[in-house]
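All heavy atoms count here, side chains included; hydrogens, waters and symmetry mates do not. So you know, we letter chains A, B, ... as the sequences are listed, proteins then strands, and number each from 1.
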Amino acid sequence: MRFFERKFTKLARQHQMSNMEDLNFYESVYALAREIPVGRVTSYGALARALGRAGAARMVGYAMGYAGKATPPVPAHRVLNSQGKLSGKAAFGHPMLMQELLEAEGIQVRNDRVVDFKTVFWDPLKEL
DNA sequence: AGTCTGACTGGAG
DNA sequence: TCTCCAGCCAGAC
């Protein structure tokens, strides 16, 4: 059984979803993204790998584009590209909003890049 | 069913 | 460190 299936069954319960058959890819991305702790960040690729879809990083990013409409809320600002850059900032209402949300959680941002990306990086495969 | 499209990624130069 | 490039894959048409 893949990591996704083992871990997500638990997440599905926590989010009061009957079973993972009801979840499409986007919803599973959102459920996993909601597990990112405050003050930590992860990458599109890391989420894709954790969901058993290594290589589907682009779809994770595409899914985040619709995250604003998801309930419960998805902390989309905690998802960055593999270099720690705020590649999705344009999708937030105000161009600086993504950075402001991160800074409000104690994460330093400089030149569209998270400072100390490696130390605040959250890998669902290792920490969930 | 075929084509196009990215909030991506890792490697090469 | 940066840019370019080919591979990536689920949705939207």
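A:H77 and A:E100 share no side-chain donor-acceptor pair at under 3.5 Å.
In this structure, A:L51 places its CG atom 16 Å from C1' of C:dC8, rounding to the nearest Å. We find that CG of A:L97 is positioned 14 Å from C1' of B:dA7, with the value rounded to whole Å. In this structure, A:F117 places its CZ atom 12 Å from C1' of B:dT9, rounding to the nearest Å. Separating the CG atom of A:L102 from the P atom of B:dA7 is a distance of 18 Å, rounded to the nearest angstrom. Following rounding to the nearest Å, A:Y44 (OH) and C:dA10 (P) show an atom-to-atom distance of 19 Å. Between A:F25 atom CZ and C:dC8 atom C1' the separation is 12 Å, expressed in whole Å. Atom pair A:R49:CZ and B:dC8:P shows a separation of 14 Å (rounding to whole Å applied). Taking atom OH of residue A:Y66 and atom P of nucleotide B:dT5, one finds them 14 Å apart after rounding to whole Å.
Within the 4.0 angstrom heavy-atom criterion, only backbone atoms of the sugar-phosphate kind lie near A:G45; the bases stay farther away. Among the atoms of the strands shown, base atoms are found under 4.0 Å from some heavy atom of A:A76.
For A:M64, whose side chain is taken as the heavy atoms from C-beta onward, the closest listed nucleotide among B:dG10, B:dC8, B:dA7 is B:dA7. The side chain of A:M98 lies closest to B:dA7 when the candidates are B:dA7, B:dG10, C:dA10. With C:dC9, B:dA7, B:dC8 as the candidates, the nucleotide lying closest to the side chain of A:A57 is B:dC8.
Comparing A:Y62 and A:A54 by the nucleotide of DNA chain C whose heavy atom lies nearest to each, the residue mapping closer to the 5' end is A:A54. Projected onto DNA chain C by closest heavy-atom contact, A:G55 and A:Y26 fall at different nucleotides, the more 5' of which corresponds to A:G55. Each of A:V79 and A:Q83 lies near DNA chain B, and the nucleotide nearest A:V79 is the one positioned closer to the 5' end.
Distance alone, capped at 3.5 Å, is enough to place a donor-acceptor pair between the A:R40 side chain and the A:V120 backbone. A donor-acceptor pair under 3.5 Å is formed between the side chain of A:N81 and the backbone N or O of A:Q83. Side-chain N or O atoms of A:R53 include none that pairs as donor or acceptor with a backbone N or O of A:A48 at under 3.5 Å. Judged by distance alone, the side chain of A:R78 and the main-chain N or O of A:T42 form no donor-acceptor pair under 3.5 Å. A:Y30 places no side-chain N or O within 3.5 Å of a backbone atom of A:F25 that could act as its donor or acceptor partner.
Phosphate proximity of B:dT9 to A:S82: present, with a side-chain N or O under 4.0 Å from OP1 or OP2.
C:dC13 is paired with B:dG2 under the Watson-Crick or G-U wobble criterion, all donor-acceptor distances under 3.5 Å. Nucleotide B:dA12 is matched to C:dT3 when pairs are restricted to Watson-Crick or G-U wobble geometry with both distances under 3.5 angstrom.
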Between the protein and nucleotides 2-4 of chain C, are there any N/O to N/O pairs under 3.5 Å, and if so, what are the atom names and distances?
residue	atom	partner	partner atom	Å
C:dC2	OP2	A:R113	NH2	3.1

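In the hydrophobic clustering of ILVMFWY residues, with side-chain heavy atoms under 4.5 Å counting as a link, A:M64 and A:L101 come out apart.
Atom CD of A:Q108 is surrounded by 12 or fewer heavy atoms from other residues, nucleotides or ligands within 6.0 Å.
For A:R58 against C:dG7, a side-chain N or O and a base N or O form a donor-acceptor pair under 3.5 Å.
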